Every structure is written in structure tokens, then in C-alpha cells.
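Sequence lines set the chain letters: A, B, ... in the order given, protein chains first and strands last, and positions in each chain run from 1. This is a predicted model, so every value here is computed, not measured.
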Number of protein chains: 2
Amino acid sequence: MLSQKAKYAMRALLYLAQAEPDQPVLIGDIAERQQVPRKFLELILLELKRHGLVRSYRGKNGGYTLARRADEIFFGHVIRMIDGPLAQLPCASKTAYRRCEDCQDEATCAIRKVLRQVRDASSHILDHTSLADVMNQRPTGLDLGAGI
Amino acid sequence: MLSQKAKYAMRALLYLAQAEPDQPVLIGDIAERQQVPRKFLELILLELKRHGLVRSYRGKNGGYTLARRADEIFFGHVIRMIDGPLAQLPCASKTAYRRCEDCQDEATCAIRKVLRQVRDASSHILDHTSLADVMNQRPTGLDLGAGI
DNA sequence: TTATTCTCTATCACCTGAGTAGAGATTAAA
DNA sequence: TTTAATCTCTACTCAGGTGATAGAGAATAA
């Protein structure tokens, strides 16, 4: 499962992406409009800043802006920075590979084999979908996915 | 991340899949060979039994066997039964859809849009890959995945 | 009757996720 | 120069879940 934190991070980024570029947005504004607990959001934005996704301005008229264009911020990047590797097992990760402690033979491990495919498929989507790709084109746009 | 429990469940199932059919395998045997804590494995096998994936026999010469052929047991099924829905968000799940509490407009939610694609891709793999598909064809078989 | 197995309920320690609190640093503007 | 507005940072709490363990009970083959 995606953590709340990652969900909040995406909401904040998407909100910033829709704001005027170079016009800082207040934490309080994001928190209120996106229904994110304010103090928690502070931590999240700090983290996003440290990872270079947003820029901050202090003092009066301060706030946050995106540090890159919305078509240069990918979901895969955001998820990895908040929740860690996309893979479901450390041994199936490409960006954060780690051997499973209790693995007997990684080369023939069936579980790893399947989960690597899943990881590859997931990252293929997440690393090629940017904020811009999914932003609110228009309120009444078609839904891409199948029905619920 | 996949839980330890789910990993253990898969190991147990794969081990059973490689045993003689109709020749019950002891919990203790699975536990030892697959490096799974025995008492924990008891719980897991019980759960797999309740979900109809394994059969159990009590008393002397008892043990466990698969309740279906290995090509009829899919990873998606196992993961869902142990860890819950494959989707990263309840609102992106098909088999266990639930609205996100704090969602403002599901129809235009960008996060959901992306995570549904990921879910679809993942379940496409996991629901079409059976134990038989990935079993140890031969000890020195080729590795399907890319290198580490 | 007994040894062997699975079955079931209860319990527990630890860790992580989610969130809160409050003082500190910086800046624009009056 | 002062003040109010903002972001920054460290520390803390608290609930719930994960990964087990313990031990009595029930079934069965020999």
C-alpha cells in the first residue's frame, strides 16, 4: 500500500503544479485545499525540498513552488523518495537491490522471478508518467481507466 | 512490500508443488527445508487450507498436500489472500474497491488514475502466473529476468 | 492405547506510520 | 528597526500491525 505520506506528497505536488509558476503557495493553503494535516505536510514538503522537487521561500510572501516543470516530475521518483523501492521484495528491486536474508538460491527463486516482472511493469508506468500527464486536463474529461 | 507471511506461504506452496502428489508433507519438513519458523507456518498453512489451496491430513502419516494442481494456483490469489488487495490504494482496487475517505473527486483523481494502471499491470502478471509457470524447471535453467 | 500430526486461541514484543508540539531561523514590509 | 508572516527543525506520542511464540485440544494410524 501507498502510505498516506506519499499520497499527501503527490497531492501537494499536483496542487503546486496547477498554481501560477513562480508564485509561492502557502503550506496552509495546500493543507486546507488538499485536506492534509498541516504540521504533517510541513515535514513532507521539507522532504520534497531536500530531494529537489520543490523550492521554498521564507518570510512574508513566502511559500512553495515546484522546482521543476510538471512534465519532469515522475510518480516513480516521488514514491521511491517517500516510501522506498517500488519492488515488493528487496531482491526484486533495481534501484535498491538487497539480497533476501533467508534466500536459499536467488538464481532459481520463483518468487523473485515473478516479483521482478511486476516491478518492471510498475516502474515502466510510474517512471514514465509525470504530473503533467495526469493533471486535470478539464473537469469533465473522459476517464481513461475502466469503470469501477 | 510483500509480507514475510506471504513469502512463507509461497515458499510452502512451491515446496508442496514439488513433492509427490498425494504424499502428505509434514509441517516440520516444510519449515526446516524452507527456513520458516514452524509455529508461524502452522498458522499460514491453516489459512491456506481455509482458502482451499491445500489439504491437510491429521494423525500419523498426516501432513499437507496441494488441493489443486500447481498450474491452477496463481500468485495473485495467494498474495490477495494473505496480504490483501494488490492495488496500492483501496480506490484503485478491482477486487476490493473502497473509496478513499479523504478523496475530493475520484473521477478526476490523478493519483488513482496512475495507480489503477499499475494495479492492472501487476494483476495481469500475478493472475496469469501459476506456481507451475515458475517452478524450478531444472537447476541450471536460464534466468528469465535481466541481470542484477 | 499411544505416538504422531494437525488445529486453534491467546499472548507478546517490537517497529512503523501518522500525526502533534513547540521553539528557532529568515525575510518582507511597515 | 521592529513586527508579523513563513518556513525549518528536533523531539515526542500513540495506535496498530507484523512476526512471531506457547500450549492445550482434536483426530488418526498403527
Atom CD1 of Ile30(B) and atom C1' of dC6(C): how far apart are they, to the nearest Å? 12 Å
According to a strict under-4.0 Å criterion, is Ser56(A) in side-chain N/O contact with OP1 or OP2 of dT6(D)? no
Rounding to a whole Å, what distance do you find between Glu47(A):CD and dT10(D):C1'? 15 Å
Classify Gly63(B) by what it touches in the nucleic acid, base, sugar-phosphate, or nothing, heavy-atom distance under 4.0 Å. sugar-phosphate
If the threshold is 4.0 Å, N to carboxylate O, is there a salt bridge linking Arg11(B) and Asp102(A)? yes
Residues Glu32(B), Arg38(B): salt bridge by 4.0 Å N-O rule: no
At their closest point, which heavy atom of Leu41(B) faces which heavy atom of Ala12(B), and how far apart are they? CD1-CB, 4.1 Å
Just how far, in rounded Å, is C1' of dT6(D) from CG of Asp29(A)? 13 Å
Salt-bridge contact Asp22(B)-Arg55(B) (side-chain N to carboxylate O under 4.0 Å): no
Rounded interatomic separation in angstrom, taking CD1 from Ile44(A) and P from dC7(D): 14 Å
Closer than 4.0 angstrom, basic N to acidic O: yes or no for Asp83(B) and Lys5(B)? no
Please produce a list of atom pairs where a protein N or O lies less than 3.5 Å from an N or O of nucleotides 12-17 of chain D.
none

When rounded to whole Å, the CG to P distance for the pair Leu26(B) and dT7(C) reads 12 Å
Salt-bridge contact Glu42(B)-Lys39(B) (side-chain N to carboxylate O under 4.0 Å): yes
Nearest-angstrom distance from the residue atom CG of Leu41(B) to C1' of dT5(C): 13 Å
Using a 4.0 Å heavy-atom cut-off, does Arg50(A) contact any base of the nucleic acid, only the sugar-phosphate backbone, or nothing at all? sugar-phosphate
Sequence neighbours excluded, which residues qualify as ring-ring contact (aromatic ring centres under 6.0 Å, His included) partners of Phe40(B)? Tyr8(B)
Contact state string [nucleotides 18-30 of chain D, B base, S sugar-phosphate only, - no protein heavy atom under 4.0 Å]: -SBBBB-BBBBSS
If I take atom OG from residue Ser93(B) and atom CZ from residue Arg119(B), how far apart are they, to the nearest 0.5 angstrom? 6.0 Å
If you measure only the distance, is there a donor-acceptor pair under 3.5 Å linking the side chains of Ser130(A) and Asp71(A)? no
